[in-house]
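Atom set for the values below is all heavy atoms of this structure, side chains included, hydrogens, waters and symmetry mates excluded. Residue indices begin at 1 and follow the sequence shown. All values reported here derive from a predicted model rather than from experimental measurement.
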Amino acid sequence: MGRGPQTDCAPSASAKPSPRYPLLDALRIVAMMDIVSIHVTKHYLLWGMGLPVFIIVAVALGVRKPELPGWGELPEAARKRAARVLWPWVVWTVFFGLNRVFWAGLDPEKSVEGLFYPWMILGGTSMHLWFLPFIFVAELAVLGLLAPLRRVPTGVIIAVSIALATGCIVLTGAMYDQATTVYGGMTMGSDDYAERAALYGWTVRKSWLFGTASVFLGIALGRTLSLSVTPEGRSNPAPRQWLLAGALAMFGLYYVWKCFDNPIIHGHAIWQWWRQAFAFLAVALAVQVTGKTPAWLMRIAILTMGIYLLHGWVGSRFGQLLGALYETAAWKVLFPVGIVMHNRFGKLAVIWLLTALLVMLLRRTKAKQVL
C-alpha cells in the first residue's frame with residue numbers, strides 16, 4: 001500500500017536489474033479487496049490474507065537485490081520513504097481529524113475533545129492509518145538490521161527470519177488471548193471516553209504486533225528473491241521453487257495445529273498462523289512468474305494505496321447519501337443500488353469501484369503525491 005507497484009524503498013549497490021513479478025501486482029489488487037471487505041462488510045473476502053500480503057511484499061521488495069544496502073544508504077532510504085509514506089500519513093491524519101470535527105459539529109451529543117485519543121500519535125485519526133507509520137518503521141528497521149549482516153550467508157538469514165516469524169505468531173496469539181478478557185467487551189460506541197481510548201490504543205498496538213510476523217516473512221521472501229538472479233544477471237527459478245515448497249509446508253501446518261489436541265501452536269495463534277501462512281503462500285505462488293506487468297493491470301495496481309486510504313470514508317459517505325435519498329423520488333431510480341448494497345459482495349464491489357474512481361480522479365491532481 002505504501003509504495004507503487006514493485007518499487008524499491010532503498011537504493012542498492014547492485015547494478016543488475018531485478019526481475020519483475022506481474023502476478024504480485026494482481027495479488028495486490030486482490031489483497032486490497034480483502035481489506036476493503038472486512039472494513040465495509042465486517043467479513044473478509046479471502047480469510048484475512050490481505051494485510052499480511054502487503055507487509056510481506058513491501059518488506060521483500062526493499063531487500064530483494066543481491067547486495068544489501070549499507071549504513072550509509074539508510075538516510076537516503078529514510079528520506080524517500082518519509083516522502084512516500086509519512087507525508088501522506090500526516091496529510092490524511094489531518095483530513096480524517098477534520099472529518100471527525102465536522103461530523104461531531106453536526107451532532108449536539110458529541111464533543112470534539114472526546115474524538116481524539118493518545119494512541120493516535122502512532123495510529124492516526126482514523127484507525128486504518130496505522131499501517132503507514134508501521135511500514136515506514138518496519139522497512140527502515142529491516143534495512144538497519146540487515147546492514148551489518150551483509151556477509152552472513154543468505155540461507156542463514158532466511159532460516160532465522162522464518163524462525164523469528166514463527167516466534168512472532170506465537171507471541172501475537174498469546175497477547176491476543178490475554179487481552180480478550182480485558183478488551184473483549186469494549187466498544188468504540190461506548191459513552192465512556194476512557195473505554196474508547198483504551199480500545200483504540202489496544203487496536204493500534206495489536207495491529208503493530210500482528211505485522212511483525214509479516215515483516216520477518218518479508219525478509220525471508222526478499223532474500224530468497226535475491227538468490228533468483230545469478231551473478232551474470234540470468235534468472236534462476238530454483239530458489240523461488242524452494243520458497244514455494246516451504247510456503248506450502250508452512251500452510252499445511254495450519255491443519256496440524258487446527259486438528260490436533262494441545263498443539264505447539266494453539267489458541268489465537270492458530271488464526272494468526274492461518275493469515276500469515278496463507279499470505280506467504282499466495283506471494284510465493286505469485287513470484288513464480290516473471291515478466292512485464294500489463295499496462296492495464298499496472299493502472300489498477302497503482303490505485304491500491306489510495307483505495308486503502310479512502311475506502312472507509314467513501315463507504316460512510318455513500319451510505320449516508322443513500323439514507324438521505326430513501327423515500328424520495330430519486331429512490332425510484334436508485335433502489336436497485338440499495339438492493340446491491342444489502343449483499344456483502346455487492347457492497348464490496350460498489351465501494352471498491354467508487355473508491356477506485358475517486359482515487360483515479362484525485363491522481364490527476366496534486367493529491368497524487370499523497371495517494
Side-chain angles (χ1 to χ4, degrees), residues 1-11 20 24-26 28-29 31-33 35-36 39-40 50-51 54-55 57-58 61-62 74-106 112 115-116 120-140 293-321 350-371:
M1 285 176 283
R3 63 172 74 240
Q6 301 186 46
T7 58
D8 292 317
C9 72
R20 292 193 62 83
L24 276 185
D25 292 314
R28 284 155 54 85
I29 296 170
M32 181 53 63
M33 289 182 178
I35 294 173
V36 173
H39 289 165
V40 304
L51 178 58
F54 276 102
I55 299 174
V57 171
L61 293 182
L74 292 183
E76 180 63 13
R79 184 192 67 80
K80 289 184 176 180
R81 296 309 294 153
R84 187 70 185 95
V85 176
L86 287 190
W87 175 236
W89 180 72
V90 170
V91 170
W92 292 107
T93 289
V94 171
F95 173 83
F96 285 111
L98 293 175
N99 186 69
R100 281 174 172 265
V101 172
F102 175 79
W103 292 107
L106 299 180
V112 172
L115 299 175
F116 299 94
M120 285 181 173
I121 194 67
L122 285 181
T125 51
S126 182
M127 186 66 70
H128 71 298
L129 295 177
W130 72 269
F131 179 84
L132 298 179
F134 170 82
I135 202 62
F136 173 80
V137 171
E139 290 189 322
L140 289 185
T293 302
W296 65 270
L297 183 61
M298 185 73 79
R299 284 194 290 269
I300 299 174
I302 206 170
L303 302 177
T304 53
M305 180 176 175
I307 291 173
Y308 178 78
L309 290 168
L310 290 173
H311 69 273
W313 184 84
V314 170
S316 296
R317 302 293 81 79
F318 188 64
Q320 289 177 329
L321 176 62
V350 169
I351 299 304
W352 188 90
L353 287 170
L354 286 176
T355 309
L357 178 61
L358 175 60
V359 172
M360 198 178 302
L361 293 174
L362 288 175
R363 287 184 62 83
R364 295 177 179 269
T365 69
K366 291 184 178 180
K368 178 181 180 179
Q369 299 175 12
V370 292
L371 291 170

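For R363 against I302, the heavy-atom pair with the smallest separation is NH2-CD1, 3.4 Å. Nearest heavy-atom pair, P88 versus A82, reported as atom, atom and distance to 0.1 Å: CD-O, 4.4 Å. Nearest heavy atoms, F54 versus A31: CE1-CB, 3.6 Å. Taking both residues in full, the closest heavy atoms of V359 and I307 are given as CG2-N, 3.7 Å, listed atom of the first, atom of the second, then distance. The minimum heavy-atom distance linking T125 with R100 is given by the pair O-NE, 2.6 Å.
No side-chain donor-acceptor contact under 3.5 Å links Y308 to the backbone of I35. The main-chain N or O of L362 is found under 3.5 Å from a side-chain atom of T365 such that the two form a donor-acceptor pair.
Relative orientation of the W92 and F96 rings is tilted, given thresholds of 30° and 60° on the angle between their planes. Classification of the H39-H311 ring pair by plane angle, with boundaries at 30° and 60°, yields parallel.
The structure places CG of L310 at 11.5 Å from CZ of R317, a figure rounded to the nearest 0.5 Å. How far CZ of R81 is from CG of L86: 9.0 Å, rounded to the nearest 0.5 Å. Here the CG atom belonging to L98 is positioned 11.0 Å from the OG1 atom belonging to T93, to the nearest 0.5 angstrom. Rounded to the nearest 0.5 angstrom, R20 CZ and D25 CG are separated by 6.0 Å. With values rounded to the nearest 0.5 angstrom, I300 atom CD1 is found 12.0 Å from T293 atom OG1. In this structure, the separation between CZ on R28 and CE on M33 is 13.5 Å, given to the nearest 0.5 Å.
Residues F134 and I55 meet the side-chain proximity criterion, which asks for heavy atoms closer than 4.5 Å. Proximity of M120 to L115: side-chain heavy atoms (C-beta onward) are nowhere separated by under 4.5 Å. Using a 4.5 Å heavy-atom threshold, the side chains of L303 and M32 count as separate. Residues L297 and I29 meet the side-chain proximity criterion, which asks for heavy atoms closer than 4.5 Å. L24 is listed as a side-chain neighbour of V57, based on a closest heavy-atom distance under 4.5 Å. Side-chain contact between F136 and L132 is absent, with no heavy atoms from C-beta onward closer than 4.5 Å.
Atom CD of Q320 has more than 12 neighbouring heavy atoms from other residues, nucleotides or ligands inside a 6.0 Å radius. L361 CG: more than 12 foreign heavy atoms inside a 6.0 Å radius.
Checked against side-chain hydrogen bond (donor to acceptor under 3.5 Å, both in side chains), R364 has no partners two or more places apart in sequence or in another chain.
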